[in-house]
Amino acid sequence: MEHYLFCFLAIVLMFTQKLIAADGNEINVGAILDETCRIGKEERVAMQLAIEDFNGDNTNRSLIQLLIRYSHREPFQAALAAKELINRQVKAILGPQSWEEASLVADVLGSKNQIPLLSFSDSAPEWAPERWPFMLQASPNKYAQIRAIVDIVQSWEWHQVTLIYEDKDSSFAGLMPHLSDALHEVGAEISHVLALPPFASSSSSLSKELGRLKRRQCRVFVVHLSFPLAVRLFTKAKKMKMMEKGYVWIATDAFTSLVHSINASVFYSMQGVLGVKGYFPDNELRFQVFYERFRRRFRSEYPEENNHEPGMFAVQAYDAMKAVVLAIRESNKGGQDLLEKILASNFDGLAGKFHFINQKLAPMHTFQIINVMGRSYGELGFWSDGLGFSENITASGATYKSSMKDLGQVLWPGGPRSTPRGWNLATDDDAKPLRIGVPSESTFKQYVAVEFDQLQNSTSFKGYAIELFKASVQKLPFYLPYEFIPFEGKYTDLVKKIHLKNFDAAVGDIAIVANRFEYAEFTVPYTESQLVMVVPLRSKSSSKAWLFARPFTKAMWILIFTINVYNGFVVWLIERNHSSDLRGSFLNQMGTLVSLSFTTLFSLQGAKLHSNLSRMAMVVWLFVALIITQTYTANLSTILTVSGLVPAIDSIESLQASDALVGHFGVSFVAKYLEEVLHFKPRNMKNYSSPEDCAKELRNGGIEAVFLEKPIAKLFLARFCWGFAIAGPSFKVGGFAFAFAKGSPLLHEVTEALVKVTESGELQELEKAMIGSQKCVVNQEESSELEDETFSLSPSSFWMLFIITGGTSTLALLIYVFYYKHKIQEFGLVHGIVWMLMYFDVVRRWKHHENQLSRAQRLHANDHEAPSPRNSSTTASRIVNSSLAIDSMP
């Protein structure tokens, strides 16, 4: 039923066209196409539908007849077709597809024919409108897709790409300079370019070229080929195992605009391919109507095709023909008037807004990001120029991101979920190892030492930077062959050699400087990023009259004096009853006490002491005095050496104000920094090639200061550790790093390995082994701490010692006082009892003698004489002597 209805409508349309033709208003419009390819087929059907839509409108009084001629992609055939169409008096010509065909057709038309030519080539040069005023570019410029490709590369942090393009016409070759410039802006580059001939159908030639790419380092391929050649390329890459893990394929619009026509077998060879595809709104009603009509017509005319859906080329051809027929409706004159009407076109076409800017269709700004998966392809999202990536492009719900990672999971070739790193080590049989330049004129050989052995005719490379690079290479997840090459000259010239491809990288004490980024890129710095000033030291104190008193505070001195006097008093008090030297007048005893207090600091004098109590007090005090004197000596030495030395210069301003000479080492960037940043005059700067000469001049006053990078300053102070110090402010610089070629994929890998070396502690071990311990180094923070710290010791450091000696002396004094007080009291009691006993004995004896005398007088009154008093006095004398003996007891 549908077939009969279609036939009826066709008969009605033919009848209507005949009526219009009979009326004499038939207008011819020409088209030059290539019906041998899918693009020409889609364009032919789309133009026919546009003509039918115009002729089917009853308001039109003219009938447009489409005259199609075929060029088979040959410029000469296109020129012949143009002449034939001119003879048929066409009002306008649409096509051809390539710029070479279009330019030759424009020459054939010339300016005298005044026939508008709407070319479907999207790469017309800027000067084309001036040479061919009647030629219009009816295909939008798609160079914006380059920005989409570059944003994809940047999103996944790839730094090199290989461009594969068809060496056919300017529309393909013209992509390369735009892509190169855009990649350069994001720190990437085109590492290799492969130009394939238009008919590279030979399997051996494709295999040869792909084999070369496979052996190269880069694994990110941007494919800008026509549809047939791209299909052959992907099929061959699949057979050569280049559609596996680690590879990245990105196809441009030249191929993806026809991806809807691919059969399932071709999709099998393209799993994981990313594509940038021109976008047109396919959800509008007018497109749905066009879609159904196109499928029916295309199926009927090209049944051999597997897919009958319209693509970008079909909707563009429909819009271009619509612009021509609308202009013809407004003007039947043709020529300049028709050209102006076409240029004034402004309508919403199937492909989007249709209007011309400087005789070129407005460029396309939105592209789809597609990913081949399974038996078809998936739409990951969209990319809009100036906005970025988004999952949709609706006016209200679009959310734009700068990275493609936000679009979701990508199916990569080989099926891994992890992002390919985009490169691999070259596998050429004749591939050379990485060429690494090493500076041979490094001032400090601890960092880089290049030594040539004439006997063995070999060069050895040693030093901290060399060993650190070797340790980083060992952390890489792959084997990296390399060779060191000595370089004589300035460090900036060494970095330039990387840019000139003489070296692949540079290793050594290479500072990160802004102007060197023009030639190379750097890893993270592996040293401190500072520029410092090293100056000689001078004495801090101009007067040293009271320097001897600085080891102790005033409170400490007072406490020492007090405890000395106290201990001397205790000894004097205990020993005064045993030595006549401790007796005498008051002044004599005071002098003896003071002398005894301080002489015991240096000798025990045990032979002169008679009491154990005084010996006990003196031994403890002598022990404490020994500790105090040793502490005093040590602290005084410290004050005389460390605390007494300060930097001779403490600021940059003082150097500049005094017009002083400063030093630096010649092969570094410091000279330029001193002149351009710190504003030192060149005549006040001296260049040194050895640290010994610099140290000598610094000591002798030949220069006032020397400016060094912080790691170099550490080495300088380690070698000349007395008399120099870091002073003044430090200046932030880049530090030392390894240099690589711009866009080198090794940069990220080596940087990551260097960080691993740092985190594992190997960096510190290498620094200790190669540079040595920095015990003598006095950095800025330590200098300020030494200046602020006081070296005078207070009693808080010796409280326990003073308590011990004071407590010992006090204990001796208490024992002495209590013991002898008890002894005196005991002596007084005994003395009283003795005198009492003596008294009673004397009285008893006296009474006894008196009784005996009375009895004798009574019995022998007459016969005997009275008793002699001598016996009584003798007894009394014995009693008195006994009493005196008691008095003399100690």
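Quantities reported herein were computed from a predicted structural model and do not represent experimental measurements.
- For Lys142 and Phe313, the positive end sits near the middle of the six-membered ring, less than 6.0 Å away and at most 45° from its axis.
- Ion pair Glu518/Lys742 not flagged as a salt bridge, since none of the NZ, NE, NH1 or NH2 atoms sits closer than 4.0 Å to an Asp/Glu carboxylate oxygen.
- Among residues two or more places apart in sequence or in another chain, the salt bridge (Lys or Arg N to Asp or Glu O under 4.0 Å) test is passed with Glu292 by none.
- Although no hydrogens or angles enter the test, the distance criterion places no donor-acceptor pair under 3.5 Å between the side chain of Asp151 and the main chain of Gln154.
- Formation of a donor-acceptor pair under 3.5 Å by the Asn113 side chain with backbone atoms of Ile115 is not found in this model.
- For Asn371 (side chain) and Leu411 (main-chain N/O), a donor-acceptor pair under 3.5 Å exists by modelled atom type.
- Taking the charged nitrogens against the carboxylate oxygens, Arg38 and Glu43 have no contact shorter than 4.0 Å, which rules out a salt bridge.
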Quick one: side chains of residues 129-136, donor-acceptor pairs under 3.5 Å with protein atoms, not counting sequence neighbours, listed by atom name and distance.
| unit_1 | atom_1 | unit_2 | atom_2 | d |
| --- | --- | --- | --- | --- |
| Trp132 | NE1 | Asp107 | OD1 | 2.8 |

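- Between the side chain of Gln288 and the backbone N or O of Asp282, at least one donor-acceptor pair lies under 3.5 Å.
- Asp319 contributes no side-chain N or O that, together with a main-chain N or O of Gly349, makes up a donor-acceptor pair within less than 3.5 Å.
- Contacts of Ala148 classified as side-chain contact (heavy atoms from CB on, under 4.5 Å), with partners at least two apart in sequence or in another chain: Val276, Trp383.
- For the pair Ile370 and Val273, the minimum side-chain heavy-atom distance is 4.5 Å or more.
- Residues meeting the salt bridge (Lys or Arg N to Asp or Glu O under 4.0 Å) test with Lys277, sequence neighbours left out: none.
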Start with the C-alpha gap between Glu185 and Arg147, add the side-chain angles, then the distance that decides, and say whether salt bridge (charged side-chain N to carboxylate O under 4.0 Å, His left out) holds.
CA-CA 11 Å; Glu185 292 177 2; Arg147 288 297 320 168; 3.4 Å; yes
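- The OG1 atom of Thr399 lies 15.0 Å from the CZ atom of Phe389; values are rounded to the nearest 0.5 Å.
- One distance of note links OG1 of Thr162 with CG of Leu213; it measures 6.0 Å at 0.5 Å rounding.
- With no hydrogens or angles considered, no side-chain donor-acceptor pair links Ser119 and Gln137 at under 3.5 Å.
- Across Pro125 and Lys360, no two heavy atoms sit closer than the pair O-NZ, 3.6 Å.
- Listed by chain and number, the residues in a salt bridge (Lys or Arg N to Asp or Glu O under 4.0 Å) with Arg286 are Glu284 (sequence neighbours excluded).
- A donor-acceptor distance shorter than 3.5 angstrom exists from the side chain of Asp253 to the backbone of Gly278, with no hydrogens or angles considered.
- Thr252 is listed as a side-chain neighbour of Ile149, based on a closest heavy-atom distance under 4.5 Å.
- Summarising the local packing, CZ of Phe76 is surrounded by 12 or fewer heavy atoms from other residues, nucleotides or ligands at distances under 6.0 Å.
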Where do Phe367 and Tyr279 land on the ring-ring contact (aromatic ring centres under 6.0 Å, His included) test, with the steps shown first?
CA-CA 5 Å; Phe367 296 86; Tyr279 168 74; 9.6 Å; no
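- At least one donor-acceptor pair closer than 3.5 Å links the side chain of Gln271 to the backbone N or O of Gly374.
- Looking only at side-chain heavy atoms (C-beta outward), Met404 and Leu274 come within less than 4.5 Å of each other.
- Rounding to the nearest 0.5 angstrom, the gap separating the CG atom in Leu94 from the CE atom in Met47 is 4.5 Å.
- For the pair Lys341 and Asp337, the salt-bridge criterion is not met [side-chain N within less than 4.0 Å of a carboxylate O].
- Taking the centre of each ring, Phe294 and Tyr318 stay at or above the 6.0 Å mark.
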*Test side-chain contact (heavy atoms from CB on, under 4.5 Å) on Ile328 and Val29 and set out the steps.*
CA-CA 10 Å; Ile328 291 175; Val29 174; 3.7 Å; yes
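- By the 4.5 Å heavy-atom criterion applied to side chains, Trp249 and Met243 are counted as neighbours.
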Task: Full working for side-chain contact (heavy atoms from CB on, under 4.5 Å) between Val223 and Leu233 - done: CA-CA 9 Å; Val223 180; Leu233 176 74; 3.9 Å; yes
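- The 12-atom threshold is exceeded at NZ of Lys353, counting heavy atoms of other residues, nucleotides or ligands nearer than 6.0 Å.
- Between Trp99 and Trp127, the ring-plane angle classifies as perpendicular under the 30° and 60° cut-offs.
- Counting only heavy atoms from C-beta outward, the side chains of Cys37 and Phe227 never approach each other to under 4.5 Å.
- The closest donor-acceptor contact from the side chain of Glu309 to the backbone of Ser261 lies at 3.5 Å or more, if one exists at all.
- For Ser403, the side-chain contact (heavy atoms from CB on, under 4.5 Å) test picks out Ser155, Lys405, Asp406, with sequence neighbours left out.
- When atom types are taken as modelled, the side chain of Glu42 and the backbone of Gly311 share a donor-acceptor pair closer than 3.5 angstrom.
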Quick one, His308 with Glu301, criterion side-chain contact (heavy atoms from CB on, under 4.5 Å). Give me CA distance, side-chain angles, the key distance, then yes/no. CA-CA 10 Å; His308 309 115; Glu301 297 192 9; over 6 Å; no
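- In this structure, the side chain to side chain donor-acceptor pair (under 3.5 Å) partners of Glu101, at least two apart in sequence or on a different chain, are Ser71, Ser98.
- Of the charged side-chain nitrogens involved, at least one lies within less than 4.0 Å of a carboxylate oxygen, so that Arg293 and Asp53 count as a salt-bridged pair.
- Residues forming a salt bridge (Lys or Arg N to Asp or Glu O under 4.0 Å) with Lys401 (at least two apart in sequence, or on another chain): none.
- Note on residues 375-392: no pairs pass salt bridge (charged side-chain N to carboxylate O under 4.0 Å, His left out), not counting sequence neighbours.
- Distance OG/Ser390 to CZ/Phe382: 7.0 Å, rounded to 0.5 Å.
- Gln77 is not listed as a side-chain neighbour of Ile32, based on a closest heavy-atom distance of 4.5 Å or more.
- Take Gln160 and apply the side-chain contact (heavy atoms from CB on, under 4.5 Å) test, not counting sequence neighbours, and it matches Glu189, Ser191, Gln217, Cys218, Pro745.
- Remark: Ser180 engages no residue in a side chain to side chain donor-acceptor pair (under 3.5 Å) (not counting sequence neighbours).
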>> Between Phe234 and Phe267, does the side-chain contact (heavy atoms from CB on, under 4.5 Å) criterion hold? Intermediate values first, please.
In response: CA-CA 9 Å; Phe234 290 132; Phe267 277 125; over 6 Å; no
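- You'll find the side chain of Gln65 stays beyond 4.5 Å of the side chain of Asn55, heavy atoms only.
- Counting only heavy atoms from C-beta outward, the side chains of Phe54 and Arg329 approach each other to under 4.5 Å.
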**Message:** Determine whether Arg297 and Gln48 satisfy the following criterion, side-chain hydrogen bond (donor to acceptor under 3.5 Å, both in side chains), listing intermediate values before the conclusion.
**Reply:** CA-CA 9 Å; Arg297 177 69 61 85; Gln48 290 175 345; 3.2 Å; yes
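- Cation-pi geometry between Lys238 and Tyr268 is satisfied (NZ or CZ under 6.0 Å from the ring centre, within 45° of the ring normal).
- Residues passing the side-chain contact (heavy atoms from CB on, under 4.5 Å) test with Glu35, sequence neighbours excluded: Lys41, Arg44, Tyr70, Tyr302.
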